[in-house]
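The structure under discussion appears below in the form of structure tokens.
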Protein chains: 2
Amino acid sequence: MRQDDRDIMDSYGRESTPDIWKFLATVRRRFRLSEEEAGLLKDAMRETSVFAPGEYMVREGDRINYSSLILEGFACRCKDSPDGMRQIMEIQIPGDFVDLHSYPLEVLDHGICALSECRIVKFPHAEISRLIDESPRLARIMWFTTMVDASIHRQWIVNIGSRSGKARIAHLLCELYHRCKVVGLTTDHSYWLPLNQTQIGECLGFTQMHVNRMLRELREQGLVTLQSQKVKIHDWEGLSELAQFDPDYLYLTPRDG
Amino acid sequence: MRQDDRDIMDSYGRESTPDIWKFLATVRRRFRLSEEEAGLLKDAMRETSVFAPGEYMVREGDRINYSSLILEGFACRCKDSPDGMRQIMEIQIPGDFVDLHSYPLEVLDHGICALSECRIVKFPHAEISRLIDESPRLARIMWFTTMVDASIHRQWIVNIGSRSGKARIAHLLCELYHRCKVVGLTTDHSYWLPLNQTQIGECLGFTQMHVNRMLRELREQGLVTLQSQKVKIHDWEGLSELAQFDPDYLYLTPRDG
DNA sequence: CGAGGGGTTGACGTTGTTCAATGAGCGTGG
DNA sequence: CCACGCTCATTGAACAACGTCAACCCCTCG
């Protein structure tokens, strides 16, 4: 653990979970938050809760009065259709403010479903309003994070709408590698990805069988392998070129604004 | 013109264009704005400008210090890829705050291109900051409108990722009908749509030829016709059922928040 | 008159789905 | 211990959806 992580931990006491300290340290670095701003964020947090894989945190159409931040585990934004199909629209990883969208929207247009076991911490909307009043900079950062979700949605539209099968899967794996790297969830060029082939298909508009075939080709080309929920990227250059991957749309470089 | 439209016009003088009065009246109704709030909005507007069809207002990667609102004409959010392909990610119509995303994001991840001749009015980012300081309610409304864009993106991911060819086109035409209706741009069940078949294909991930075939089938089924930039919906029930269209994601009903 | 943009249509190849069968791993209960 | 059911991954063959290539039409504009 880095020194500035420990500083954050110490200033808010030992009652918090390690995930909360880690989140605060990461977000402080990324947005160059002052200690006071990090404190405001910390004060707005309420209870944590845990969801099992496949469990829905929020359903489409729900009107909720809090927003959740993922401390541990993976989740997704998705919509179910009456014929049993499901479309996943974004993968959410630890550190993501997963349904901040519900604060301005009030009623959510999509559900949020745990992919692995998932621990979250809740921010009541009333506390978010207070944060906005007390710190215009935090207000802007929250707006910013929701706009990054919109940017990711746009990239997914490009991905699904105009890339080949192999490139679509490659792009998804590149995106998640970059995002996991920022929150310290990669080692070398591999990371944990708790999605099965069916769920990858639900992200990309493919059947599970077709995902299987595309993954085999990527493996045979020596680009990437996916085994027992572990992604190993063997040829980053080749994979990102096939995917036409450019990480700018993730807005991951530290900001001053 | 309705009486409350005229009230807005009179309170801000005759120097504005009719589009600005009309916009202010529409947004006042939709968000139940007070006269004072509408006045703040009006004061944040600067020069208007006009773009020709095919002209880019903003390019991907631009860092701009204003956001534009469409007064007249259609535009789109899009990304160009090196091989000459283009993906359209959202259609923007009069009354849309088309690149408010650039205010929190600073650098835009996508371009904005005029589809027809387009007149816009600019809001400098400094004025937007002032609006946010002076009216938390306007701040929240601006955040809200950008989140509706995100919701539309999500619906497009569902559309492209999991619907059949005919249903995709049907859904696009249903969405635009609903959105045009709110800003008074429909008559009966028809509206102006300045997209050719190539551009419809760029929205949905199809070739122009395939769009042509799907449009023919929709026409032969008596659902909808598209001729010389005019959409005529002959069977709304049939079309919206084929598209599985549910307008909730557009968040068009008036809000009190 | 010709050029150019948009729409229309057909033949054919590629991509992805559907249906079906098989196997590997893993926890549970007899 | 093994049998059983379950989930997930794998593979093949037939089929449908969609792209590619090419030709042709209509209209407008210069």
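Lettering follows sequence order; numbering is per chain, from 1.
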Taking everything shown except [X] itself, do over 12 heavy atoms lie less than 6.0 Å from its [atom1]?
X        : atom1 : value
A/Lys166 : NZ    : yes
B/Glu217 : CD    : yes
A/Glu220 : CD    : yes

Starting at atom [atom1] of [X], determine the distance to atom [atom2] of [N], rounded to an integer number of angstrom.
X        : N      : atom1 : atom2 : answer
A/Met214 : D/dA9  : CE    : P     : 16 Å
A/Leu195 : D/dA9  : CG    : C1'   : 15 Å
B/Met209 : C/dA11 : CE    : P     : 16 Å
A/Phe206 : C/dT15 : CZ    : P     : 11 Å
A/Gln229 : C/dC26 : CD    : P     : 12 Å
A/His210 : D/dG12 : NE2   : C1'   : 15 Å
A/Glu202 : D/dC8  : CD    : P     : 11 Å
B/Asn212 : D/dG19 : CG    : P     : 13 Å

* To do: Describe the nucleic acid contact of A/Gly201 in one word from base, sugar-phosphate, nothing, applying a heavy-atom distance below 4.0 Å.
  => nothing
* Considering only C/dT18, D/dG19, C/dG16, which nucleotide approaches the side chain of B/Thr207 most closely? -> D/dG19
* Which nucleotide in C/dG16, C/dT18, D/dA9 has an atom nearest any side-chain atom of A/Asn196 -> D/dA9
* Asked: Any salt bridge between B/Asp99 and B/Arg77, counting N to O under 4.0 Å?
  -> no
* Which sits closer to the 5' end of DNA chain C, B/Arg213 or A/Ser164, going by the nucleotide each is nearest to? -> B/Arg213
* Has A/Gln197 got a side-chain N or O lying under 4.0 Å from the OP1 or OP2 atom of D/dT7? -> no
